[in-house]
Number of protein chains: 2
Amino acid sequence: MPTPRSTRADIAQQILDHARRLFAAHGFDGVSLADISKRVGIRKPSLLYHYGTKDTLRQAVLEQLLAHWNDVLPKLLMAATTGSEQFDAVLSKTVAFFAEDHDRARLILRELLDRPQQMQPLIELHVRPWVTIVSNYIRRGQEQGRVRFEADPQSYVAHMTVLVIGSLATFETLVALAPEHEPRELLLERHTAELLRIAKTSLFRPRPAGVASQANESPH
Amino acid sequence: MPTPRSTRADIAQQILDHARRLFAAHGFDGVSLADISKRVGIRKPSLLYHYGTKDTLRQAVLEQLLAHWNDVLPKLLMAATTGSEQFDAVLSKTVAFFAEDHDRARLILRELLDRPQQMQPLIELHVRPWVTIVSNYIRRGQEQGRVRFEADPQSYVAHMTVLVIGSLATFETLVALAPEHEPRELLLERHTAELLRIAKTSLFRPRPAGVASQANESPH
DNA sequence: GATCCTCCCTACCACTCGGTAGTCTGAGGA
DNA sequence: TCCTCAGACTACCGAGTGGTAGGGAGGATC
């Protein structure tokens with residue numbers, strides 16, 4: 001009997017969820033408030049009661065995404081400040097964040113395309129620290145000889161960001177290029193593994209010889 | 001006196017040009033026929049005289065882009081079938097194609113996001129041969145020991161495609177992450193150079209030693 | 001029991017959308 | 001000179017858009 005059916009006030013969250021999915025799939029301009037409210041099972045004015053404006057809703061979706069990211073970020077950065085192959089941990093956790101829900105990558109990519117200049121402050125706030133710290137980590141690695149000196153730290157990080165987001169955002173589509181109908185789950189794993197390989201191989205110098213621990217894998 | 005002002009019938013091309021720019025910047029749903037016709041300097045029904053439907057216009061924009069790509073593709077593929085560092089040529093020409101006009105990358109990325117399943121046949125037609133040939137080239141390289149055996153050819157090519165398109169589509173936005181206000185032109189050059197470096201380094205095995213010709217650069 | 005207040009509803013608004021109908025103009029060909 | 005016809009125009013349409021006005025149901029508070 002305590003709020004038996006729809007738990008009141010989490011309607012706002014339902015709206016947010018459906019809006020996120022639809023925006024990710026069809027873009028902000030490709031989705032009407034009627035579409036969203038229909039999915040939620042309410043009328044359009046009810047939706048506007050919770051989010052006074054379509055643009056308010058868009059921002060709310062984005063904020064929730066970024067809030068989640070901010071939750072994960074500190075752990076990533078802590079990992080980045082320590083040991084050597086922590087780079088692996090940072091990158092694969094970033095990949096995991098976007099792989100967990102491909103809408104995240106699609107949403108950010110769309111915002112990047114649709115509202116580039118409105119994204120600038122958000123990038124400054126949420127991406128800049130990540131880039132700075134990782135760049136510094138790379139530079140330190142270069143001084144210590146672990147990282148290829150030809151690498152351009154800032155540009156490298158930018159490319160990896162685009163690669164992670166882009167590859168996950170377009171994954172469903174590019175599945176079509178797979179050799180045969182590989183079980184999607186496996187394909188995703190193979191795909192992200194190759195992403196990590198590209199990132200690491202292009203960054204770190206090969207082990208000088210002698211002790212081996214991670215550098216080479218066995219020839220399948 | 002021979003068609004002095006606007007050369008008749010290239011109005012269609014002007015429409016196409018403005019449509020391309022606007023679609024790339026704001027997306028198909030974010031642009032109205034009124035927007036486009038205003039840019040061209042004609043009225044909406046005049047636009048619809050040339051392209052009967054908004055969707056027809058969209059397809060025309062896409063077709064022109066793909067036609068241009070099909071112009072470039074054969075030369076790329078020919079280059080791919082020969083020598084060793086032709087890989088470099090293929091990739092950098094592909095990059096050049098998208099760098100020449102960033103709208104191309106943005107347009108394709110948008111189509112990939114907005115109409116994934118409608119893009120499938122186009123991918124099959126225009127991307128598949130590219131992927132297949134390059135993949136085979138990579139596999140041959142693996143057999144010959146030039147290419148890292150850990151690399152996953154098909155997945156690698158997919159990632160590089162996404163990386164090229166994604167990095168160029170979002171370049172203007174990510175300029176913001178640059179250390180200071182570097183002259184955009186230089187930044188683009190530095191950025192694409194790093195892209196090529198990532199692509200090559202993560203693909204080819206380091207030179208076995210002895211003769212050197214391209215593998216390492218001087219420590220600036 | 002009257003009064004809020006929250007939340008959803010119906011009805012409606014002005015506006016924009018893609019697209020159509022039909023007219024006018026001016027160059028080219030007979 | 002007359003006719004044709006491509007190519008632009010004005011005027012208009014129905015559907016759909018984001019958003020507003022205002023009412024009503026139901027729970028909590030006094």
Side-chain angles (χ1 to χ4, degrees), chain A residues 1-64 107 110-111 114-115 118, chain B residues 1-64 107 110-111 114-115 118:
Chain A
M1 111 184 7
T3 57
R5 40 211 180 149
S6 56
T7 29
R8 301 276 178 190
D10 70 343
I11 290 277
Q13 186 56 45
Q14 286 187 44
I15 294 173
L16 224 49
D17 288 341
H18 283 101
R20 194 192 62 244
R21 280 176 215 142
L22 288 171
F23 286 160
H26 308 109
F28 182 72
D29 291 318
V31 175
S32 72
L33 295 181
D35 292 334
I36 302 171
S37 56
K38 203 168 290 174
R39 296 288 179 106
V40 179
I42 59 177
R43 305 284 164 250
K44 195 175 52 170
S46 307
L47 189 155
L48 285 165
Y49 169 79
H50 292 278
Y51 301 93
T53 281
K54 194 189 181 188
D55 202 71
T56 306
L57 179 55
R58 197 200 94 241
Q59 288 177 32
V61 167
L62 210 59
E63 271 165 26
Q64 178 168 283
L107 225 40
R110 282 190 183 280
E111 288 296 315
D114 288 347
R115 275 163 288 277
Q118 294 182 44
Chain B
M1 73 189 49
T3 56
R5 38 207 180 154
S6 56
T7 29
R8 302 278 178 186
D10 70 344
I11 289 278
Q13 186 57 46
Q14 286 186 44
I15 294 173
L16 224 50
D17 288 341
H18 283 101
R20 194 191 64 244
R21 280 175 214 142
L22 288 171
F23 287 160
H26 308 109
F28 182 72
D29 291 318
V31 175
S32 72
L33 294 182
D35 291 334
I36 301 171
S37 57
K38 202 168 292 175
R39 295 287 180 106
V40 179
I42 59 177
R43 305 284 165 250
K44 195 174 51 170
S46 305
L47 188 154
L48 285 165
Y49 169 81
H50 292 278
Y51 301 93
T53 282
K54 194 189 181 187
D55 202 71
T56 306
L57 179 54
R58 196 200 95 240
Q59 288 176 33
V61 168
L62 209 58
E63 270 165 26
Q64 179 169 282
L107 225 40
R110 282 190 184 279
E111 288 295 314
D114 288 347
R115 276 164 286 275
Q118 293 182 45

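Naming convention: chains lettered A, B, ... in sequence-line order (proteins, then strands); numbering from 1 in each chain. Everything quoted here is computed from the prediction, not taken from an experiment.
Across the protein-nucleic acid pair, B:Tyr51 atom OH and D:dA8 atom P stand 12 Å apart, rounded to whole Å. In this structure, B:Ile11 places its CD1 atom 10 Å from C1' of D:dG7, rounding to the nearest Å. In this structure, A:Phe28 atom CZ and D:dT17 atom P are separated by 13 Å, rounded to whole Å.
Cation-pi geometry between A:Lys44 and A:Tyr49 is not satisfied (NZ or CZ under 6.0 Å from the ring centre, within 45° of the ring normal).
Between A:Val31 and A:Ile36, the closest side-chain pair of non-hydrogen atoms falls below 4.5 Å. Residues A:Leu48 and A:Thr53 are not in side-chain contact: their nearest non-hydrogen atoms beyond the backbone lie 4.5 Å or more apart.
Under a 4.0 Å N-O distance rule, the pair A:Asp35/A:Lys38 does not qualify as a salt bridge. A salt bridge between A:Arg58 and A:Asp55 is present, with a side-chain N of the basic residue lying under 4.0 Å from a carboxylate O of the acidic one. Ion pairing between a basic and an acidic side chain is recognised when a charged N comes within 4.0 Å of a carboxylate O; B:Asp114 and A:Arg110 show such pairing.
For the pair B:His50 and D:dA8, the criterion of a side-chain N or O lying under 4.0 Å from OP1 or OP2 is met. Within the structure, a side-chain polar atom (N or O) of B:Thr53 is placed less than 4.0 Å from OP1 or OP2 of C:dG19.
When the local axes at the two ends of the helix from C:dG1-D:dC30 to C:dA30-D:dT1 are compared, using 5 base pairs at each end, they differ in direction by 10° after rounding to 10°.
B:Gln64 and B:Gln13 share a side-chain donor-acceptor pair at under 3.5 Å.
Counting non-hydrogen atoms of other residues, nucleotides and ligands closer than 6.0 Å to CZ of B:Arg21 gives a total above 12.
Within residues 29-49 of chain A, the residues having any heavy atom under 4.0 Å from DNA chain C are, by residue number, A:Ile42, A:Arg43, A:Pro45, A:Ser46, A:Tyr49.
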